[in-house]
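Note that ligands are numbered from 1 as they come in the structure, with each ligand's atoms numbered from 1 the same way.
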Amino acid sequence: MPETIFSKIVRKEIPAKIVFEDEWSLAFHDLNAKAPVHVLIIPKRQIDSLEHASEEDASLLGHLQIVIQQVARQLGIHESGYRVIMNCGRDGGQSVGHIHYHLLGGRAMDWPPG
Ligand code: AMP
């Protein structure tokens, strides 16, 4: 599938407010934050969506969740709590075709989501 703006962020071709990076992943502030803390956690290697992931991606996706935990601690929302979201496909509200987790915190979240 064609690459997205997230691949350009991974290659540092366009700016982003990066909060965490390692060999496999990158975390950066969402441009259009929906909460006081809104960070996107992505794998550097593009997987288009959860629907495109396979068993070989399981450890990478698990790693991303541990990165989320680290970023939540780094940004000081680990005690108050946070929400982790992955949108998938049209009805899921996915707008960028490079798999990513949203980490939201800094306020109480509503349930159910809209
Ligand atoms: P989704 O709608 O789940 O695919 O989430 C995509 C997210 O990427 C949205 O929350 C956008 O605000 C965010 N986004 C799009 N472009 C950028 C960018 N250049 N830098 C940071 N966040 C972005």
Side-chain angles (χ1 to χ4, degrees):
M1 292 296 263
E3 69 172 32
T4 73
I5 195 154
F6 287 0
S7 291
K8 292 189 168 61
I9 291 175
V10 168
R11 294 197 300 267
K12 316 278 171 61
E13 290 171 5
I14 63 166
K17 289 185 181 166
I18 294 171
V19 294
F20 179 91
E21 178 171 15
D22 67 11
E23 188 179 345
W24 307 279
S25 65
L26 192 69
F28 51 94
H29 288 283
D30 195 296
L31 211 52
N32 185 18
K34 299 288 191 262
V37 173
H38 186 173
V39 170
L40 302 175
I41 296 85
I42 71 170
K44 289 185 169 176
R45 173 167 64 81
Q46 180 173 342
I47 301 167
D48 293 359
S49 78
L50 188 57
E51 195 53 32
H52 295 81
S54 62
E55 195 61 41
E56 293 88 72
D57 301 315
S59 63
L60 177 60
L61 294 175
H63 175 68
L64 293 181
Q65 295 193 35
I66 299 304
V67 169
I68 290 169
Q69 180 199 57
Q70 284 181 239
V71 171
R73 290 175 180 173
Q74 185 183 320
L75 299 181
I77 57 168
H78 58 298
E79 286 178 348
S80 50
Y82 49 86
R83 181 167 291 170
V84 178
I85 295 172
M86 180 186 284
N87 297 325
C88 181
R90 187 193 58 224
D91 281 0
Q94 184 179 3
S95 63
V96 177
H98 183 135
I99 201 167
H100 52 281
Y101 287 103
H102 296 255
L103 167 63
L104 295 148
R107 66 167 171 81
M109 300 291 148
D110 293 330
W111 191 263

Element-labelled atoms of ligand 1 that are located less than 4.0 Å from some non-hydrogen atom of [X]:
| X | value |
| --- | --- |
| Q94 | 4 (O) |
| I9 | 18 (C), 19 (N), 20 (N) |
| L40 | 7 (C), 8 (O), 13 (C), 22 (N) |
| H29 | 21 (C) |
| N32 | 12 (O) |

Got a donor-acceptor contact below 3.5 angstrom from the [X] side chain to the [Y] backbone?
| X | Y | value |
| --- | --- | --- |
| Q94 | S49 | no |
| Q46 | P2 | yes |
| R83 | H102 | no |

message = Let me confirm one number: the CD1-CD distance from I41 to Q65, rounded to the nearest 0.5 Å.
response =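 Answer rounded to 0.5 Å: 10.0 Å.
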Report yes or no: does a heavy atom of [X] sit under 4.0 Å from some atom of ligand 1?
| X | value |
| --- | --- |
| K34 | no |
| G93 | yes |
| H102 | yes |

Looking only at protein heavy atoms, which one is nearest to [atom], and what is the separation?
| atom | value |
| --- | --- |
| atom 9 (C) of ligand 1 | D30 OD2, 3.3 Å |
| atom 2 (O) of ligand 1 | S95 OG, 2.8 Å |
| atom 1 (P) of ligand 1 | H100 NE2, 3.1 Å |

Answer side chain, backbone, both or neither: which part of [X] comes under 4.0 Å from ligand 1, heavy atoms only.
| X | answer |
| --- | --- |
| M86 | neither |
| I85 | neither |
| N87 | side chain |

request  = State whether E23 and K44 are salt-bridged, where the test is any N-O pair (Lys NZ or Arg NE/NH1/NH2 against Asp/Glu carboxylate O) under 4.0 Å.
outcome  =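 A salt bridge is absent here (no side-chain N lies under 4.0 Å from a carboxylate O).
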request  = Evaluate the side-chain proximity of H98 to P43: yes if any heavy-atom separation is below 4.5 Å, no if none is.
outcome  =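 Yes, at least one pair of side-chain atoms sits under 4.5 Å.
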ask   = Hey, any chance I18 and L40 share a hydrophobic cluster, counting ILVMFWY side chains that come within less than 4.5 Å of each other, even indirectly?
value =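 Linked within one cluster.
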query = What do you reckon, is CZ of R90 surrounded by more than 12 foreign heavy atoms closer than 6.0 Å?
reply =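 Not buried by this count: 12 neighbours or fewer within 6.0 Å.
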request  = Verify the neighbour count for atom CD of E51: are there more than 12 heavy atoms of other residues, nucleotides or ligands below 6.0 Å?
outcome  =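 No - once you tally the heavy atoms of other residues, nucleotides and ligands closer than 6.0 Å, there are 12 at most.
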query = Closest heavy-atom contact between A35 and L104?
reply =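 Residues A35 and L104, closest heavy atoms: CB-CD2, 3.9 Å.
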request  = Kindly identify the option in Y101, F28, F6 whose heavy atom sits closest to atom 15 (C) of ligand 1.
outcome  =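 Checking each option, the heavy atom nearest atom 15 (C) of ligand 1 is found in F6.
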key: Per atom 22 (N) of ligand 1, closest listed option by heavy atom (I14, I5, L31)   =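 Checking each option, the heavy atom nearest atom 22 (N) of ligand 1 is found in L31.
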